[in-house]
Amino acid sequence: MAEPVVVPAGTTAADAVAAAGMPMTGPRAVVVVRDPDGRLRDLSWAPEAEVAVEPVSVDSPDGLNVLRHSTAHVLAQAMQDLHPQAKLGIGPPVENGFYYDFDVPPLHPEDLDKLEARMREIIKSGQRFRRRQFADVAQARAELAGEPYKLDLIDSSGGFEASEVMELGGGGELTVYDNLDPATGEVRWSDLCRGPHLPSTRLIDPRGVKLMRTAAAYWRGSEANPQLQRVYGTAWPTKDGLGSYLRMLEEAARRDHRRLGAELDLFSFPEEIGSGLAVFHPKGGVIRRELEDYSRRRHEDSGYEFVNTPHITKAQLFKTSGHLDWYADGMYPPMQMEGAEYYLKPMNCPFHTLIYRARGRSYRELPLRLFEFGGVYRYEKSGVVHGVTRLRGFTQDDAHIYCTPEQLQDELASLLQFVLDLLRDYGLTEFEAELATRPERFVGKPEEWDVAEAALEQALRRAGLAYRIGEGEGTFYAPKIDVHCRDAIGRSWQLSTMQVDFQTPVRFGLEYQAADGSRQQPYMIHRALFGSIERFFGILTEHYAGAFPAWLAPVQVVGIPIRDDHAGYLSAFVDRLRAERIRAEVDTSGERMQKKIRTAQQQKVPFMAIAGDADVAGGTVSFRYRDGSQRNGVPLDEAVAHVVEVVRSRTNAGPSADLTPEAG
RNA sequence: GCCGCCUUAGCUCAGUCGGUCAGAGCGGUGCUCUCGUAAAGCACAGGUCGUCGGUUCGAUUCCGACAGGCGGCUCCA
């Protein structure tokens, strides 16, 4: 945080910042100030009384938002220069960039080039941003008569969350920013906006700006409204800032699980099966099985019992659960059979609940923890299926826990801890949580919701996990905790969910007999850890960029003979590894050694075991690891023990010669 | 579902302003070659240019529908 500067009454923030000797141009330029109330102000702001403000530089989070917001204005000006009929929507900064929505005919990639060229001209002309307040709504309406969407914003401002709409200030204050020609002071362009903005377009480095793509977006986010053309762009204080952002995008593309899934022969989406339905190939199958097996073991250790349930059911089950009332549109349509309607299941919980109800339950059995890798089918809209992370058929690692009211709190706390521990074992270590509370449409009694929400919040506190509240974002039957994880390149993914459900036990009439002989209703907790196995698989693929830890790698060791006649020696070595259940093979293809190394490297095999005359003579192999490091002349016994140790440790790092302690 | 774009060999992509233009690299197969850590050489095989319909003397090339995909929007129990 920068040192505060004092702005004397009647002078501008810019004067004070300049007098303090802070940069006014360049990659660290101060672009706005924060007043004592925390509000960001233009540098041209002149307070009526002396005030201490915090300078905000363009490379700070707030400064970047200002830069991007101002760049969005430049984009809009460029758009209206090139397409005078374009009507303006909204144009806020977003993570890593900005967008602006326009009512124009659909745009094409060439249009972006033209817009960028015009933006560069505007930026170089050094237009000044001037804040101007409308006297009243009538004046604003008159001036914005040609901008129907801006009028819509003004007319419905009462219904807006002010923080979400950059166009409108708080408290009904309406302001406009004029872009002035620096030489003549003429107004070149104006936009309804609450600001703040850069003092001048000169503060934008055109080499740090790039328009990224066009897309359609509904006006004000509602399907009921017309679609506008959205232009996404990004802006950084410097050319290097843009460069490193573009490199990050390339890195993300390099990690794309759809691409890696094909390159590493993990899974595919045969058109014949249908959109959103994946098949896992043998190598993908190995990874899945390892993921699942480890999860199974951990669940068994933690008192879960495994169940199996069918993929289809008569309609009544989902009528009882309430899902048909809420989610019929998201379910595959019913099949008629023997006079009954059958549905593919979109959820496992009603099935597990029937298992609970299959016989009388005693308080001594609780908590009863039922677990299943349950295949579910959801009719996702055609535009949303995405690789393996958004499928129409997928597998939930779904558990339902039935417990007494007294057990609820401890059960939730230990459950959350269990979830976090297990995610760490798969290599995810950064978590954020969200507590999603009662939505507008819900079932049950508000008092019950309050109890459930309080229990979840308590569990979060006990776990010491940072969380935010998602007001009204719970499901229709339960509030929930969602756990989000950050991957290796900082992207956040929503994974685990825990829901406290008081409704399903009522709907299904669940009971247990308490110690005093009375019949009581259990509480129910829904919990998914990966959410979807397939999606988790995809996320891990991107997290590890396809270089899975040794314990998950589909092929753990490839033996590479230097000459063909070393293959037999390596086969014996590989047999010893296989006896230890290591997934090992010898590359006996007709290629030369260098090519085999390249192939194994591209397949991201954790251990290459190379052998030539020297190794055969010495009874050793030479390891090459994925990171290119080497460990040569390792005696066979030691080599087997080394691989076994790395795999069984389930370490998510390496392997690498640099991480391998010299065996003694 | 909505808007825009895309769909040529297993993969990545050239190409046809409608008429011997169906091509390349990688991958695959075969032969030759193999002595130390990211690509040896040669040859061969592979595509009714997503599917169906229309326009046309003639369509992979133009039009339409459908399917699948990509980027967003919306949605995500």
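In the text below, chain A, chain B and the rest are named by the order of the sequence lines, each starting its count at 1.
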All side chain to side chain donor-acceptor pair (under 3.5 Å) counterparts of [X], not counting sequence neighbours:
X: A:T620; answer: A:D615
X: A:D256; answer: A:R258
X: A:Q499; answer: A:Y477
X: A:Y245; answer: none

Cation-aromatic face contact A:R535/A:W493, 6.0 Å, 45 degrees: no
Which of residues 435-446 of chain A sit near RNA chain B, with a heavy atom under 4.0 Å from it? none
For A:Y100 together with A:F98, are the ring centres under 6.0 Å from each other? no
Please identify each residue that fulfils ring pair (Phe, Tyr, Trp, His ring centres under 6.0 Å) with [X], with sequence neighbours left out.
X: A:H311; answer: A:Y377
X: A:Y544; answer: none
X: A:Y342; answer: none
X: A:F351; answer: none

Can you check the distance between B:C62 and B:U56, where both ends of the measurement are the C1' atom (answer in whole Å)? 10 Å
So, A:S268 versus A:H281: side-chain donor-acceptor pair below 3.5 Å or not? yes
Select base, sugar-phosphate, or nothing to describe what A:Q229 touches, counting heavy atoms under 4.0 Å on all strands. sugar-phosphate
Are A:E591 and A:R598 ion-paired here, with the side-chain N under 4.0 Å from a carboxylate O? no
Walk along nucleotides 67-77 of chain B from 5' to 3' and tag each nucleotide B, S or - by protein heavy-atom contact under 4.0 Å, base first, then sugar-phosphate. SSSSBBBBBBB
Given protein heavy atoms under 4.0 Å, the one-letter contact record of nucleotides 35-45 of chain B, with B base, S sugar-phosphate only and - none, is simply BBBBBB-----
Output the pairing pattern of RNA chain B as a dot-bracket string, 5' first, Watson-Crick or G-U wobble with both distances under 3.5 Å, | for cross-strand pairs, [ ] for crossing pairs. (((((((..((((.....[...)))).(((((.......))))).....(((((..]....))))))))))))....
